[in-house]
Number of protein chains: 2
Amino acid sequence: MTLPVLTDDMSDEEIDAIVNKATTASGFLKAISHEGRLMILCHLVSGEKSVTELEDLIAARQAAVSQQLSRLRLEGLVVPRRDGKTIYYRLADDKPKRVLEVVYDLFCKDVNT
Amino acid sequence: MTLPVLTDDMSDEEIDAIVNKATTASGFLKAISHEGRLMILCHLVSGEKSVTELEDLIAARQAAVSQQLSRLRLEGLVVPRRDGKTIYYRLADDKPKRVLEVVYDLFCKDVNT
DNA sequence: TGCAAATATACGAATATTTGCAAAAAAAGC
DNA sequence: GCTTTTTTTGCAAATATTCGTATATTTGCA
């Protein structure tokens with residue numbers, strides 16, 4: 001269970017690699033750090049949802065939800081699936097879920113209070 | 001190992017509580033989603049560092065580092081400790097570490113490639 | 001073809017974030 | 001008190017994000 005530790009005795013290449021990873025991670029975190037997007041992702045953890053469903057679930061306007069989904073889509077966090085007129089979104093992989101689990105544990109544990 | 005799932009059959013109070021938590025979580029994630037701050041936090045996982053040390057470690061200007069630290073301080077993620085002229089910063093609690101562990105696992109696992 | 005439903009996009013305004021630079025505190029030593 | 005070192009703060013410019021409104025696009029159906 002080692003940590004993402006950076007030490008002075010690492011080679012420049014190693015440091016550089018880590019910085020690149022940091023850029024990627026930063027983008028990912030920026031994507032999920034928006035309250036609306038965070039909520040959307042939370043809802044998607046329990047399974048596919050249509051845009052309209054999400055619109056109701058997070059009480060936001062259609063265009064706003066679509067924009068947030070667009071951002072998440074570009075960032076590779078969610079994937080759309082068309083079924084007739086409606087488009088269903090789901091998590092692209094378990095990355096968001098993995099992070100959300102921890103975030104939930106840290107901030108939402110005592111929801112019943 | 002339940003997830004931060006929101007379902008339609010929750011009471012408004014429950015939903016509301018979760019939204020508040022989401023706001024908090026969002027602020028936290030915004031704080032760590034900045035590349036420089038992310039690097040700073042990574043360094044702090046391995047222990048206390050002075051501002052000057054961090055300045056060298058992430059190759060940023062002194063004022064910039066200080067500002068990022070200021071942001072992290074206001075957000076409650078780090079805590080300063082003065083020792084003579086220098087000020088040492090450390091993680092305020094294990095929240096950043098907990099999230100960073102996952103982020104590291106997701107994005108930095110294959111650093112040696 | 002024409003129309004309605006579901007979703008996406010474009011664009012401007014309002015906000016927020018980030019950065020760089022200069023200046024100001026704070027502490028230590030002389 | 002003065003100087004040096006370390007750190008913080010203030011301010012303005014540059015960027016980025018977000019929101020709202022309006023406008024496409026796509027699909028299904030009559």
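Here the shortest heavy-atom pairing between E35(B) and S26(A) reads N-OG, 3.5 Å. E75(A) and F28(A) make their closest contact through OE2-N, 4.3 Å (heavy atoms, listed as atom of the first residue, atom of the second, distance). In this structure, L44(A) and L91(A) approach most closely via the heavy-atom pair CB-CD2, 3.7 Å.
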Side chain to side chain donor-acceptor pair (under 3.5 Å) between K49(A) and S46(A), worked out:
CA-CA 9 Å; K49(A) 300 277 184 303; S46(A) 64; 3.1 Å; yes

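The backbone N or O of S50(B) sits less than 3.5 Å from a side-chain atom of E53(B), completing a donor-acceptor pair. Side-chain N or O atoms of S66(A) include none that pairs as donor or acceptor with a backbone N or O of A63(A) at under 3.5 Å.
Residue R71(B) has its side chain nearest to dT18(C) when only dT18(C), dT18(D), dA6(C) are considered.
Whole-Å rounding puts the E48(A) CD to dA6(C) C1' distance at 15 Å. Q68(B) has its CD atom 16 Å from the P atom of dT7(D), to the nearest Å. At whole-Å resolution of the value, CD in E35(A) and C1' in dT15(C) are 16 Å apart. In this structure, the CD atom of E53(A) is 18 Å from the P atom of dA5(C), given to the nearest Å. When the P atom of dT7(C) is taken as reference, atom CZ of R81(A) falls 12 Å away, rounded to whole Å. Taking atom CG of D56(A) as the reference point, atom P of dT7(C) lies 10 Å away to the nearest angstrom. Computed from coordinates, the I32(A) CD1 to dT18(D) C1' distance equals 18 Å when rounded to whole Å. The distance between atom NE2 of H34(B) and atom P of dA16(D), rounded to the nearest whole Å, is 12 Å.
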Return the polar atom pairs (N/O with N/O) between nucleotides 25-30 of chain C and the protein under 3.5 Å, or none.
none

Heteroatom pairs (N/O) under 3.5 angstrom, protein to nucleotides 8-10 of chain D:
| unit_1 | atom_1 | unit_2 | atom_2 | d |
| --- | --- | --- | --- | --- |
| dT8(D) | OP1 | Y89(B) | OH | 2.3 |
| dT8(D) | OP2 | S66(B) | OG | 2.6 |
| dT8(D) | O5' | S66(B) | OG | 3.4 |
| dG10(D) | O6 | Q67(B) | NE2 | 3.0 |

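In this structure, Y88(B) OH and R82(B) CZ are separated by 11.5 Å, a value rounded to the nearest 0.5 Å. To the nearest 0.5 angstrom, L38(B) atom CG is 10.0 Å from H43(B) atom NE2. To the nearest 0.5 Å, atoms CG (L69(B)) and CG (L54(B)) are separated by 6.0 Å.
Taking the charged nitrogens against the carboxylate oxygens, R61(B) and E55(B) have no contact shorter than 4.0 Å, which rules out a salt bridge.
Across all strands, E55(A) comes closer than 4.0 Å to no nucleic acid atom at all (heavy-atom distances).
Paired runs in DNA chain D that reach 3 or more consecutive Watson-Crick or G-U pairs, where each pair keeps both distances under 3.5 Å, cover C:1-30 with D:1-30.
Judged purely by distance below 3.5 Å, without hydrogens or angles, the side chains of R81(A) and Y89(A) never pair a donor atom with an acceptor atom.
Distances shown here put a side-chain N or O of T52(B) below 4.0 Å from the OP1 or OP2 atom of dT7(D).
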